[in-house]
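All values below were derived from every heavy atom in this structure, side-chain atoms included, with hydrogens, water molecules and symmetry-related copies excluded. Sequence positions, counted from 1, serve as the residue numbers for this chain.
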Amino acid sequence: TRPCNDGNACTVNDVCSGGACSGTPVVCNDGNVCTTDSCNPSTGCVFANNTAACDDGNRCTTGDVCSGGFCSGTPVVCSDGNVCTDDFCDPATGGCVYINNTRPCNDGNACTVNDVCSGGACSGTPVVCNDGNVCTTDSCNPSTGCVYTANTAPCEDGNPCTTPDVCSGGACVAGPGLPAWYPDADGDGYGASAGTPVCAASQPPGYVGNSGDCCDSNANVRPNQTNYFASSYNCGSVVGSFDYNCDGTWERRWTDTGRCFWMSGSCNEVNGWQGGTAPGCGVAGTWIDDCDSLCQAVSLTRVQECR
């Protein structure tokens with residue numbers, strides 16, 4: 001009953017018995033369902049990977065099967081097709097869970113802006129369709145957005161002498177009414193911008209058929225004035241203005257830089273302001289008016305004129 005070696009790698013504790021050597025069979029079991037366990041008498045236990053069905057313990061997978069010695073399955077796809085829910089699988093139950101979110105979204109409606117998810121649905125703030133034109137009817141098309149349709153509503157063109165005004169082609173068209181005449185107190189041929197027109201079939205004395213005069217008490221101040229002036233004017237609440245042509249700006253008459261310089265043996269003269277900086281309206285400055293025999297500047301004092 002001595003210990004012995006029966007030469008079989010699949011037995012252990014070999015011992016002589018009845019004149020022969022034998023041992024207890026080896027138990028080959030790695031506890032992995034994804035291996036097929038056997039024993040090779042020459043080498044011992046063999047654990048071969050298989051493709052048996054299995055259970056990976058995750059309820060969020062299906063069709064679990066062995067591969068490479070491991071059990072794995074296809075993840076459960078949880079998708080309700082709604083961008084306003086966060087979709088996932090609960091490993092504890094294996095069921096899909098859909099939780100509402102507050103993400104930006106697009107509700108597909110051109111008549112809403114700032115779309116956002118709320119309560120599992122996408123919605124936005126209605127577009128305000130208003131072009132400020134009384135001659136259009138404003139609406140919104142969910143496919144294309146704001147629509148402004150010309151109407152024929154009554155309107156007011158700002159001229160009290162044209163009535164009744166009516167909308168046409170998206171604009172307010174003057175009615176037949178009577179011509180408007182504007183007061184021309186300074187007799188320069190231009191009516192006062194702020195004057196109240198009168199409606200009459202023919203021109204009343206002291207009135208003209210246009211407006212735009214920004215100072216109707218000074219005949220030098222009028223639209224299309226081409227002259228320049230060295231001093232400003234006051235008119236009502238307007239003090240110290242040089243806007244003689246009523247265009248809303250002060251235009252300086254002289255802006256060039258003057259100098260005397262030699263070129264090709266001759267003295268060249270450029271009339272303009274000495275130093276290159278043109279003075280402001282009504283301000284005196286040094287003006288280069290001529291060049292002497294030594295090509296030195298001959299200057300004089302000039303007041304900047306404006307209109």
TODO: Sort out for me which residue in Glu251, Gln304, Arg252 forms a side-chain hydrogen bond (donor to acceptor under 3.5 Å, both in side chains) with Tyr228.
DONE: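 So the option named by the test is Glu251.
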Has the side chain of [X] got a donor or acceptor atom that lies under 3.5 Å from a matching backbone atom of [Y]?
X      : Y      : value
Asp290 : Ala297 : no
Asp64  : Asp56  : yes
Asn133 : Gly170 : yes
Asp292 : Gln296 : yes

Are the side chains of [X] and [Y] in touch, meaning some heavy atoms are under 4.5 Å apart?
X      : Y      : answer
Pro160 : Pro197 : yes
Arg222 : Tyr190 : yes
Asp87  : Asp80  : yes
Asn227 : Arg307 : no
Phe47  : Thr36  : no

Open item on the list: Is a donor from one side chain sitting under 3.5 angstrom from an acceptor on the other, for Ser241 and Asp243?
Closed with: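 No, because no side-chain N or O of Ser241 sits under 3.5 Å from a partner of the opposite role on Asp243.
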Task: Cys167: which of Cys135, Cys155, Cys172 passes disulfide bond (SG atoms under 2.5 Å apart) - done: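 Of the listed options, the one satisfying the test is Cys135.
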TODO: Would you list the pairs meeting side-chain hydrogen bond (donor to acceptor under 3.5 Å, both in side chains) in which at least one residue belongs to residues 208-220, sequence neighbours left out?
DONE: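 Residue pairs passing side-chain hydrogen bond (donor to acceptor under 3.5 Å, both in side chains), neighbours aside: none found.
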TODO: Output the rest of the hydrophobic cluster of Val147: all Ile, Leu, Val, Met, Phe, Trp and Tyr residues reachable through side-chain heavy-atom contacts under 4.5 Å, sorted by chain and number.
DONE: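 Members alongside Val147: none; it stands by itself.
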Open item on the list: Who clusters with Trp273? Use side-chain heavy atoms, under 4.5 angstrom, across I, L, V, M, F, W and Y, and order the result by chain and number.
Closed with: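 Members besides Trp273, by chain and number: Trp254, Trp287, Leu300.
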Which atom pairs, one a donor and one an acceptor, fall under 3.5 Å between side chains of residues 13-21 and the rest of the protein, sequence neighbours left out?
unit_1, atom_1, unit_2, atom_2, d
Asp14, OD1, Thr11, OG1, 2.9
Asp14, OD2, Asp6, N, 3.0

Task: Any residue meeting ring pair (Phe, Tyr, Trp, His ring centres under 6.0 Å) with Tyr233, in chain and number order, not counting sequence neighbours - done: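 Partners of Tyr233 under the ring pair (Phe, Tyr, Trp, His ring centres under 6.0 Å) test: Tyr244.
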Show me, pair by pair, the donor-acceptor contacts under 3.5 angstrom made by side chains of residues 91-101, not counting sequence neighbours?
unit_1, atom_1, unit_2, atom_2, d
Thr93, OG1, Gly95, N, 3.2
Asn101, OD1, Arg103, N, 3.3
Asn101, ND2, Val83, O, 3.3
Asn101, ND2, Asp86, OD1, 3.1

